Amino acid sequence: MSYETLSASREGPLGIITINRPEALNALSNKLVHELISALAAFESDEEVRCLVITGSERAFSAGADIKEMADMSAVQMSMSGHFFPLWDRLGRYPKPVVGALSGFVLGGGLELAMSLDVLIASETTQLGQPEINIGVMPGGGGTQRLTRAVGKYKAMDMILTGTRIGADEAKALGLVSRVVPKEAYLEEAKKVATEIASKSPVSVKLAKMAVNKAFEMGLSDGLDFERQLFYLLFASEDAKEGMKAFMEKRKPVFKGK
Ligand code: DAK
């Protein structure tokens, strides 16, 4: 499938999506959002794909929603068109692991998109922020909730109310990205991490992702119960038997996703 605002390609077990609107610093236009949804759907149904990488360019992962497109929208248009919601919805329930390869500007809806992914690899040049306040609005794609859960109330208030951006090292110290690497290496590192994840049992990866995400929605004791149910369920998988057998036989496991 070919797209106008991004490219999607397969590299072995990896599905790679590269956002490509350089003229607008990869701002999320309606078209881009719909193309992203369709690329995600195609990789979801491709059984060979075990992990995704979403990236942008060295200058910008994404500078947020396309302000030029949004400027004239009415509140009714925004809510009736379901502007953006289908993307957050799909990402929120996406069963395969997704690694974000971040560089340059990761702003507004771009940061909200990143925060919906599973592992974030950032180039040392990455700048993250929720600058919506500067244009008279506020985060609308989960920023007030996900950023606050990631960095705590006081840093989130600072970023959201002043629009101040933070750099990669500060983001890592706050737990907002997983790893920071030199700017030449961020995409390779993301692919390396994705390849590592792709080598694990797809069944345990899927359930482990589900369990971690539930930590944001459940209280501790319900979350622990949920984790335990999934853990028991994994004992019904062939992959779990294979993993433990391979350990005892001192060989590499061959996971089949069964
Ligand atoms: N939208 C459209 N165009 C953008 C853009 C954006 N967000 N960001 C940059 N561009 C365009 C610029 O207009 C410029 O194009 P020309 O004017 O030259 O044609 C080109 O990209 C290069 O940008 P600059 O010339 O400004 O480059 P600089 O290096 O000087 O500055 C910058 C880079 C990233 C600091 C600056 O461009 C900037 O401040 N951009 C805006 C960042 C921003 O405010 N982002 C938040 C947007 S609001 C929703 C969910 C989510 C959202 C909305 C609804 N629902 C679920 C309903 C999300 C909202 C947002 O993200």
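Counting starts at 1 for both ligands and their atoms, following the listed order. What you see is a predicted model; the values in this text were computed from it and never measured.
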Would you say [X] and ligand 1 have an N/O pair spaced under 3.5 Å apart?
X    : result
W88  : no
G109 : yes
I135 : no
A27  : no

Just by distance, do the side chain of K241 and the backbone of F235 share a donor-acceptor pair under 3.5 Å?
yes
Main chain of V254, side chain of E242: is a donor-acceptor contact present, judged purely on distance under 3.5 Å?
yes
Numbering as shown, the atoms of ligand 1 that approach [X] to under 4.0 Å (heavy-atom distance):
X    : result
G108 : 61 (O)
G64  : 61 (O)
P131 : 43 (C), 44 (O), 45 (N), 46 (C)
G141 : 50 (C), 51 (C)
E23  : 15 (O), 20 (C), 21 (O)

Salt bridge flag under 4.0 Å for residues [X] and [Y]:
X    : Y    : result
D225 : R228 : yes
E44  : K96  : no
R179 : E189 : yes

Under a 3.5 Å cutoff, is there a donor and acceptor pairing between the side chains of E35 and T5?
yes
D239 side chain to S201 side chain, donor-acceptor N/O pair below 3.5 angstrom
yes
Show the atom names and distances, to 0.1 Å, of all donor-acceptor pairs under 3.5 Å that link a side chain in residues 10-18 to residues at least two apart or in another chain.
residue, atom, partner, partner atom, Å
R10, NE, G12, O, 2.7
R10, NH1, D46, OD2, 3.1
R10, NH2, G12, O, 3.2
E11, OE1, K191, NZ, 3.4
E11, OE2, K191, NZ, 3.3

Would you check whether R165 reaches within less than 4.0 Å of ligand 1, judged by its heavy atoms?
yes
For ligand 1, is N134 a contact, meaning one of its heavy atoms is under 4.0 Å away?
no
Structural part of [X] in contact with ligand 1, heavy atom criterion under 4.0 angstrom:
X    : value
A65  : both
R59  : side chain
Q127 : neither

Look at atom 2 (C) of ligand 1 and find which of D66, V137, V106, L25 reaches it with the closest heavy atom.
D66
Nearest heavy-atom pair of A101 and T55: which atoms, and what distance?
O-OG1, 2.9 Å
Which residue pairs pass the salt bridge (Lys or Arg N to Asp or Glu O under 4.0 Å) test when at least one of the two sits in residues 204-220, sequence neighbours left out?
D118-K209, K214-E217
